[in-house]
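To start, the structure itself, in structure tokens.
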Amino acid sequence: MEITILGIESSCDDTSAAVVRGTTLLSNVIANQDVHRKWGGVVPELASRAHQQNIVPVVDKALKDADVSLDDIDAVAFTRGPGLLGSLLVGSSFAKGLTLAKNIPMIECNHLLGHIMVHFLNEKDRELPHPSFPFLCLLVSGGHTQIVWVRDYFDMEIVGQTIDDAAGEAFDKCAKVMGLPYPGGPVIDKLAAEGNPKAFKFAKPSVPDYDYSFSGLKTSFLYFLRDRVAEDPDFVEKNKGDLCASLQHTIIEILLAKLIKAAKALNIKDIALAGGVSANSGLRKALAEEGEERQWNVFLPPFKFTTDNAAMIAVSGYFKYLKNDFADIDIAPVSRVAELW
Ligand code: KG4
Ligand code: ZN
């Protein structure tokens, strides 16, 4: 029988557990934490407490949904980092307790690598399309924005990344300025559908090579609104659709320009998208169009695998299991990680 892995993800504000058998996903349970909404962002201490409350029922449901028992699990994979330390501690401690009790191995996983690995998952009733090596992955989330050159499952190189804010952060911070709820990315995505993407122009960064910068865009957006609101206090309300569409359009143009540059230089035709911002409908559409024009094979993750989930950790764990790459019991979570290891 194929190897069965329980994956646990608790790096930020989603508590998730998933079961894979080989690369086939049997279950994927995600408990979102609404407690942060009223604070306009994730409050680390509240996140750890909510993980603590959620972890047992979430793992329990993942096992039930997969129709397996703990005795069927060959190893437990967990997110070691990057992320919020208190959040990571809940998942890693739980994995330690469970693997010790069941006398099975434990596997540490990198959260960012996990986002990329969703491209190797399959569903119970169907195989999903997988990119071929080498491919480029545009990894866009709330904490990271990177172009990753994926040469093999565990041979990856970050060829470009943001020097300041992440793309998701740009969405979330600009949403906050407009008085929209957190997280702002999905709200802007929705409102953008009713607006004109060319209505307003915002500053685009000038950074070398394949790196990104989003803090200038955020400032340009903030000053633009400040000046317009001084003339008309209802400016945001009257122009919400156009503001969201123009902002989203600018973020997408910035993201794609560097991706195109890297794909050309490395002569790569398989291009994948991953991370929370890969749920953005404008970005998905723009990348698909770009791919058609440039004869790329474009891989867009199913929506349920875009934001944080444990399926990505479970499948990473499966490939690590095949390499006998297990973690020691004294392993500690890490909030920052320079490599994709
Ligand atoms: O990958 P993720 O769930 O968590 C991190 O690892 O950061 O990404 C969360 C980010 C947030 O910034 C959120 O606003 C953004 O993904 N996001 C979106 C959309 N859905 C989620 N951004 C733009 N459009 C969306 N539809
Ligand atoms: Zn993430």
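Counting convention: from 1, in listed order, for ligands and their atoms alike.
Considering all non-hydrogen atoms of both residues, Ala167 and Val140 come closest at CB-CG1, 4.1 Å.
The proximity of His115 to ligand 1, defined as any non-hydrogen pair under 4.0 Å, is limited to the side chain. For Thr307, heavy-atom contacts with ligand 1 shorter than 4.0 Å involve the backbone as well as the side chain.
Taking every heavy atom of Gly142 and a limit of under 4.0 angstrom, the matching atoms of ligand 1 come to 5 (C), 7 (O), 8 (O), 9 (C), 10 (C), 12 (O). The ligand atoms of ligand 1 that sit less than 4.0 angstrom from a heavy atom of Pro183 are 14 (O). Those atoms of ligand 1 that come under 4.0 Å of a heavy atom in Ala279, given as number and element, are 20 (N), 26 (N). Atoms of ligand 1 found under 4.0 Å from any heavy atom of Gly168 (numbered from 1 in listed order, with element): 12 (O). Close approach of ligand 1 to Asp172 (heavy-atom distance below 4.0 Å) involves ligand atoms 11 (C), 12 (O), 13 (C), 14 (O). Of all atoms in ligand 1, numbered sequentially from 1 with element shown, those under 4.0 Å from a heavy atom of Asp189 are 24 (N), 25 (C), 26 (N). Atoms of ligand 1 found under 4.0 Å from any heavy atom of Gly276 (numbered from 1 in listed order, with element): 1 (O), 2 (P), 8 (O), 16 (O), 17 (N), 18 (C), 19 (C), 20 (N), 21 (C).
To the nearest 0.5 Å, the span separating NE2 on His144 from CD1 on Ile158 amounts to 8.0 Å. Rounding to the nearest 0.5 Å places CE of Met312 at 10.5 Å from OG1 of Thr306.
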(Q) Go through it in stages, so that I can follow the logic: the residues are Phe326 and Tyr321, the test is ring pair (Phe, Tyr, Trp, His ring centres under 6.0 Å), and I'd like the CA-CA distance, side-chain angles, deciding distance and then a yes or no. (A) CA-CA 7 Å; Phe326 302 122; Tyr321 188 100; 5.3 Å; yes
**Q.** Worked verdict on Tyr153 versus Phe133 for ring pair (Phe, Tyr, Trp, His ring centres under 6.0 Å)
**A.** CA-CA 9 Å; Tyr153 296 113; Phe133 300 119; 5.0 Å; yes
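Residue contacts with ligand 1: His111 is placed with a nitrogen or oxygen under 3.5 Å of a nitrogen or oxygen of the ligand (distance criterion only). Residue Gly184 places no N or O, backbone or side chain, under 3.5 Å from any N or O of ligand 1. The shortest N or O to N or O distance between Phe171 and ligand 1 is not below 3.5 Å. Between Asp308 and ligand 1, at least one pair of N/O atoms sits closer than 3.5 Å.
Taking the side chain as every heavy atom from C-beta outward, Ile8 and Val76 approach each other to under 4.5 Å. Put simply, the side chain of Glu237 does not reach to within 4.5 Å of the side chain of Phe235, judged on heavy atoms.
Only protein N, O or S atoms were scored, and 3 of them lie under 2.8 Å from the Zn ion (ligand 2).
Annotation: cation-pi geometry not satisfied between Arg228 and Tyr223 (NZ/CZ under 6.0 angstrom from ring centroid, within 45° of ring axis). By the 6.0 Å and 45° rule, Lys176 does not stack over the aromatic ring of Tyr182.
Criterion: ILVMFWY side-chain heavy atoms under 4.5 Å apart, direct or through other members. Under it, Phe171 and Leu300 are part of a common hydrophobic cluster.
For atom 25 (C) of ligand 1, the choice among Gly185, Ala274, Gly282, Ser278 with the nearest heavy atom turns out to be Gly185. Of all the listed residues (Thr79, Asn309, Asn280, Ile30), Asn280 holds the heavy atom that lies closest to atom 23 (C) of ligand 1.
Using 4.0 Å as the threshold, Gly143 has a heavy atom nearer than that to some atom of ligand 1.
More than 12 heavy atoms of other residues, nucleotides or ligands shown are found within 6.0 angstrom of CZ on Arg226.
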Do any side-chain atoms of residues 53-64 form donor-acceptor pairs under 3.5 angstrom with protein atoms, and if so which ones, sequence neighbours left out?
from	atom 1	to	atom 2	distance (Å)
Asn54	ND2	Thr15	OG1	3.3
Asn54	ND2	Ala50	O	3.3
Asp60	OD2	Lys64	NZ	2.9
Lys61	NZ	Asp65	OD1	3.3
Lys61	NZ	Asp65	OD2	2.9

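Here the rule is side chain to side chain contact (heavy atoms under 4.5 Å, CB included) with Ile147, and of Leu138, Leu139, Asp209 only Leu138 fits it.
If you check the side chains of Ser213 and Asp164, you find a donor sitting under 3.5 Å from an acceptor.
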